[in-house]
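In what follows, a single structure is set out as structure tokens and then discussed.
Every heavy atom of this structure was used, including side-chain atoms; hydrogens, water molecules and symmetry mates were not. These figures come from a predicted structure and were not determined experimentally.
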Amino acid sequence: VFLLRLLCKAGCIDDACRHVADMGRLGYEPDISLVTELVNDLCKASKWKSCHKLLTGLYNVGFIPSLATFNTFFSCLCRAGLMQQACKLLDDMVKLGFTLDVYTYSIMIHTLCKAEKVDEAYKLLKAMRNRKCEPDVVCYSTVLHGYVRLGKQELAMKIMDEMRRNNCSPDVVTYNSLISMFSKVGDTTKAYELWGQMRANGCVPDHISYTALVDGFCRQNKPKECLRLVLEMLKKRLKPG
RNA sequence: CGGAUGGUGCA
């Protein structure tokens with residue numbers, strides 16, 4: 001397994017792939033995480049067919065990869081815009097008896113948002129609860145950011161309220177989306193207000209938070225604020241963009 | 001015992 005991991009890291013994906021397939025044929029159970037990483041690497045190289053071959057090959061010798069493996073493949077297909085393949089995979093997953101988890105849903109939500117079908121994404125979010133899969137902070141933040149990209153500030157803030165009502169605390173990514181939204185439209189007051197809320201809720205601003213806020217002050221021509229923030233950033237050893 | 005999959009900024 002260690003050797004195979006090295007092969008992957010060294011960029012010899014195809015070799016690693018062959019060896020895993022061989023192991024399967026010889027009756028050894030391949031390491032699940034390794035297979036998942038392999039799937040990820042194959043997809044990044046756009047080798048969809050190799051990926052599919054690997055999985056079906058393993059399946060044919062009786063090894064069924066984990067849900068994480070399928071989620072990885074699913075995510076890659078969605079990102080590549082290969083929706084017909086992605087749907088088919090989803091279908092297979094269900095047929096294999098997997099119960100879609102919060103990761104699977106977040107991938108679907110993200111895909112819908114990217115296609116600007118944010119309302120549909122929101123519907124899916126609500127549907128999750130009926131399917132006994134509680135949306136987490138990532139699902140909410142994804143939809144929220146979908147609205148941000150469409151310039152729908154009120155709806156984005158609504159999602160924020162909704163997640164709070166459902167006992168899901170916004171995290172640094174959630175706040176970053178909102179801060180950048182207000183910064184872009186020049187509302188540094190609201191951006192800064194959220195900045196305060198973020199810290200009050202125990203979230204530590206990261207380099208993205210700072211960049212988003214600085215960007216807002218820059219657009220407003222407020223160099224002193226910018227400077228202050230950048231210095232603060234350096235003190236915390238965060239890299240400015 | 002670790003190890004795998006989802007969301008955010010500027011350019």
message: One character per nucleotide, please: for nucleotides 6-11 of chain B, 5' to 3', B when the base has a protein heavy atom closer than 4.0 Å, S when only the sugar-phosphate does, - otherwise.
response: BBBBB-
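Not counting sequence neighbours, A:Tyr147 has no partner by the ring pair (Phe, Tyr, Trp, His ring centres under 6.0 Å) test. For A:Glu29, the side-chain contact (heavy atoms from CB on, under 4.5 Å) partners two or more places apart in sequence, or in a different chain, are A:Phe63.
For A:Ser183 (side chain) and A:Ala212 (main-chain N/O), a donor-acceptor pair under 3.5 Å exists by modelled atom type.
Shown for residues 88-100 of chain A: no residue has heavy atoms falling under 4.0 angstrom of RNA chain B.
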Side-chain donor-acceptor pairs of residues 16-26 of chain A under 3.5 Å, sequence neighbours excluded:
residue, atom, partner, partner atom, Å
A:Arg18, NH1, A:Asp15, OD1, 2.9
A:His19, ND1, A:Asp15, O, 2.9
A:Asp22, OD1, A:Arg25, NH1, 2.7

Please report, to 0.1 Å, the donor-acceptor pairs under 3.5 Å made by any side chain of residues 72-88 of chain A, with sequence neighbours excluded.
residue, atom, partner, partner atom, Å
A:Thr72, OG1, A:Ala68, O, 2.8
A:Ser75, OG, A:Arg79, NH1, 3.4
A:Lys88, NZ, A:Asp92, OD2, 3.4

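Taking the six-membered ring for Trp and the full ring otherwise, A:Phe182 and A:Trp195 have centroids separated by 6.0 Å or more.
When the shell of 6.0 Å around NZ of A:Lys123 is examined, it contains 12 or fewer heavy atoms from other residues, nucleotides or ligands.
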